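A short worksheet on the structure shown next.
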Amino acid sequence: MTSCEIRESFAIDVGTIPNPNLFMTGLMINGFRYRSLIKTIEEEEPLFDGAILRKLDFSSTNAKFNPKISPEHPGENLIMRPLCPADYARGFVELLRQLTKVGDVSQEDFIARYKSMKACPDTYYLVVIVDVNVDRVVGAATMAIENKFIHRCATRGRIEDVVVCNEMRGKQLGKLLVETMLKLSEYIGCYKTTLDCKDAMIPFYQQLGLHPEPGNNFMVKRFHE
Ligand SMILES: CC(=O)SCCNC(=O)CCNC(=O)[C@H](O)C(C)(C)COP(=O)(O)OP(=O)(O)OC[C@H]1O[C@@H](n2cnc3c(N)ncnc32)[C@H](O)[C@@H]1OP(=O)(O)O
């Protein structure tokens, strides 16, 4: 490959990524820069096609947003997008510690889990909100899709692991994350979407159109703490 071809590949690849500035850190020697770029693009590979987030109709929402926000415009200096491998370095796992016990999760553990999710297309939708000013993950939520035989081979969604970092709470991001997950599950065609939460969180989810169903119980058997 000539240096000219290398530069051409660089230009094409940079054009496909959201924030090219992040990718200008490779060595100036052509071959080295190209190799470091490829590694970086892998690190920024989204778990799923983020275009789906822009297709969600936020013209009407269960949540009241004031001011209005959406996946495309989550707030000043914020972006919402699918999880990517580089989010480990952006504090994704640390953020989860504000939700529950996480334990030791090395970068290798994280990448292995990311890859196992990525290998199941249309199943795991992990969305993050990133503060681009500080390049940190400040919010996250998951929707897992379960394919069933019942209800004529229906699909259901489960919302999991909703969290917003302490410093960013009260800015509607929690509502935005859950509303996005609900709209996403509707868009995908789920016949229902559920979540488990503590009693204290019921009012939060009720304002988003979720409600406890009389007669339906949440049962659990725990095998580990
Ligand atoms: C399925 C699950 O994952 S359940 C676990 C939920 N996650 C957690 O408990 C982790 C720790 N908590 C958090 O990360 C955050 O407090 C979240 C995600 C619950 C809320 O995030 P925020 O960005 O602060 O919420 P947001 O600003 O959108 O708040 C919206 C509204 O919910 C209300 N609210 C926020 N937290 C709570 C709560 N714990 N209980 C009841 N209401 C709440 C707010 O008062 C606000 O009401 P308003 O719109 O009438 O003013």
Side-chain angles (χ1 to χ4, degrees), residues 47-48 53 56 58-83 87-88 90-103 105 110 113-114 117 123-134 136-146 155-186 188 190-213 216-222 224-225:
L47 183 60
F48 61 92
L53 297 175
L56 305 178
F58 265 68
S59 58
S60 79
T61 53
N62 274 299
K64 289 185 178 52
F65 291 111
N66 186 18
K68 275 217 172 258
I69 53 172
S70 67
E72 263 187 287
H73 303 289
E76 210 182 331
N77 300 318
L78 300 176
I79 54 168
M80 180 189 268
R81 57 158 175 74
L83 180 80
D87 290 334
Y88 183 87
R90 295 191 179 104
F92 173 73
V93 172
E94 294 315 306
L95 175 66
L96 292 180
R97 293 188 202 287
Q98 296 186 24
L99 169 74
T100 189
K101 287 178 194 165
V102 180
V105 177
F110 173 80
R113 177 46 46 91
Y114 167 89
M117 290 177 168
T123 306
Y124 294 103
Y125 294 88
L126 270 84
V127 166
V128 293
I129 298 175
V130 176
D131 182 335
V132 293
N133 259 359
V134 287
R136 299 294 290 174
V137 178
V138 296
T142 297
M143 197 181 56
I145 297 295
E146 188 184 341
T155 296
R156 72 173 282 185
R158 290 177 193 275
I159 297 177
E160 298 275 350
D161 303 344
V162 180
V163 61
V164 171
C165 76
N166 287 321
E167 301 77 27
M168 295 297 280
R169 288 188 192 164
K171 295 179 188 290
Q172 310 190 96
L173 300 182
K175 286 194 295 192
L176 178 63
L177 285 162
V178 178
E179 187 82 44
T180 302
M181 299 288 93
L182 289 171
K183 289 211 178 280
L184 187 55
S185 55
E186 192 181 2
I188 288 165
C190 294
Y191 80 102
K192 72 174 179 184
T193 293
T194 62
L195 58 80
D196 308 327
C197 72
K198 297 204 165 88
D199 287 350
M201 289 302 301
I202 290 175
F204 172 72
Y205 288 115
Q206 273 177 326
Q207 64 178 322
L208 295 158
L210 292 140
H211 55 85
E213 254 182 6
N216 270 337
N217 291 299
F218 162 64
M219 310 285 281
V220 61
K221 177 159 174 53
R222 293 186 188 271
H224 300 287
E225 256 312 293

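Please read these numbers as outputs of a predicted model, since none were measured by experiment. The first residue of the sequence shown is numbered 1, and numbering continues consecutively from there. When a ligand or atom number is given, it counts from 1 through the structure's own listing order.
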Name the closest protein heavy atom to atom 27 (O) of ligand 1, giving the residue it belongs to and the distance to 0.1 Å.
-> Q172 N, 2.9 Å
Short check: is a protein heavy atom less than 4.0 Å from atom 34 (N) of ligand 1?
-> yes
Give a yes/no on ligand 1: does N166 have at least one heavy atom closer than 4.0 angstrom to it?
-> no
Any N/O of V162 closer than 3.5 Å to an N/O of ligand 1?
-> yes
Mark the output for A200 as yes if a heavy-atom distance to ligand 1 is under 4.0 Å, and as no if none is.
-> yes
Given L78, N166, V128, the one that forms side-chain contact (heavy atoms from CB on, under 4.5 Å) with V138 = L78
Counting both backbone and side chain atoms, is some N or O of I159 under 3.5 Å from an N or O of ligand 1?
-> no
Ligand 1 versus Y205: contacting region, heavy-atom distance under 4.0 Å = side chain
Atoms of ligand 1 under 4.0 Å from any heavy atom of M201, numbered from 1 in the order shown, are 19 (C), 38 (C), 39 (N), 40 (N)
K198 to ligand 1, any heavy atom closer than 4.0 Å = no
Determine whether more than 12 heavy atoms belonging to other residues, nucleotides or ligands lie under 6.0 Å from atom CZ of R113.
-> no
Flag L195 as yes when one of its N or O atoms lies below 3.5 Å from any N or O atom of ligand 1, and as no otherwise.
-> no
Got a protein heavy atom sitting under 4.0 Å from atom 44 (C) of ligand 1?
-> no
Salt bridge (charged side-chain N to carboxylate O under 4.0 Å, His left out) between E186 and K183: does it pass, once the steps are laid out?
-> CA-CA 5 Å; E186 192 181 2; K183 289 211 178 280; 5.1 Å; no
Do any non-hydrogen protein atoms sit less than 4.0 Å from atom 17 (C) of ligand 1?
-> no
Identify, by atom number and element, the atoms of ligand 1 in contact range of K175, meaning under 4.0 Å from any of its heavy atoms.
-> 28 (O), 30 (C), 49 (O)
Residue pair T193 / R158, side-chain donor-acceptor N/O under 3.5 Å = no
Is the closest N or O pair between V164 and ligand 1 shorter than 3.5 Å?
-> yes
For ligand 1, which part of L177 has a heavy atom less than 4.0 Å away: the side chain, the backbone, both, or neither?
-> neither
Specify side chain, backbone, both or neither for Q98, according to which of its non-hydrogen atoms lie closer than 4.0 Å to ligand 1.
-> backbone
At under 4.0 Å between heavy atoms, what of L176 touches ligand 1? The answer is neither
Is any N or O atom of Q207, backbone or side chain, closer than 3.5 Å to an N or O atom of ligand 1?
-> yes
Ligand 1 to R169 polar contact by distance, N or O atoms, under 3.5 Å | yes
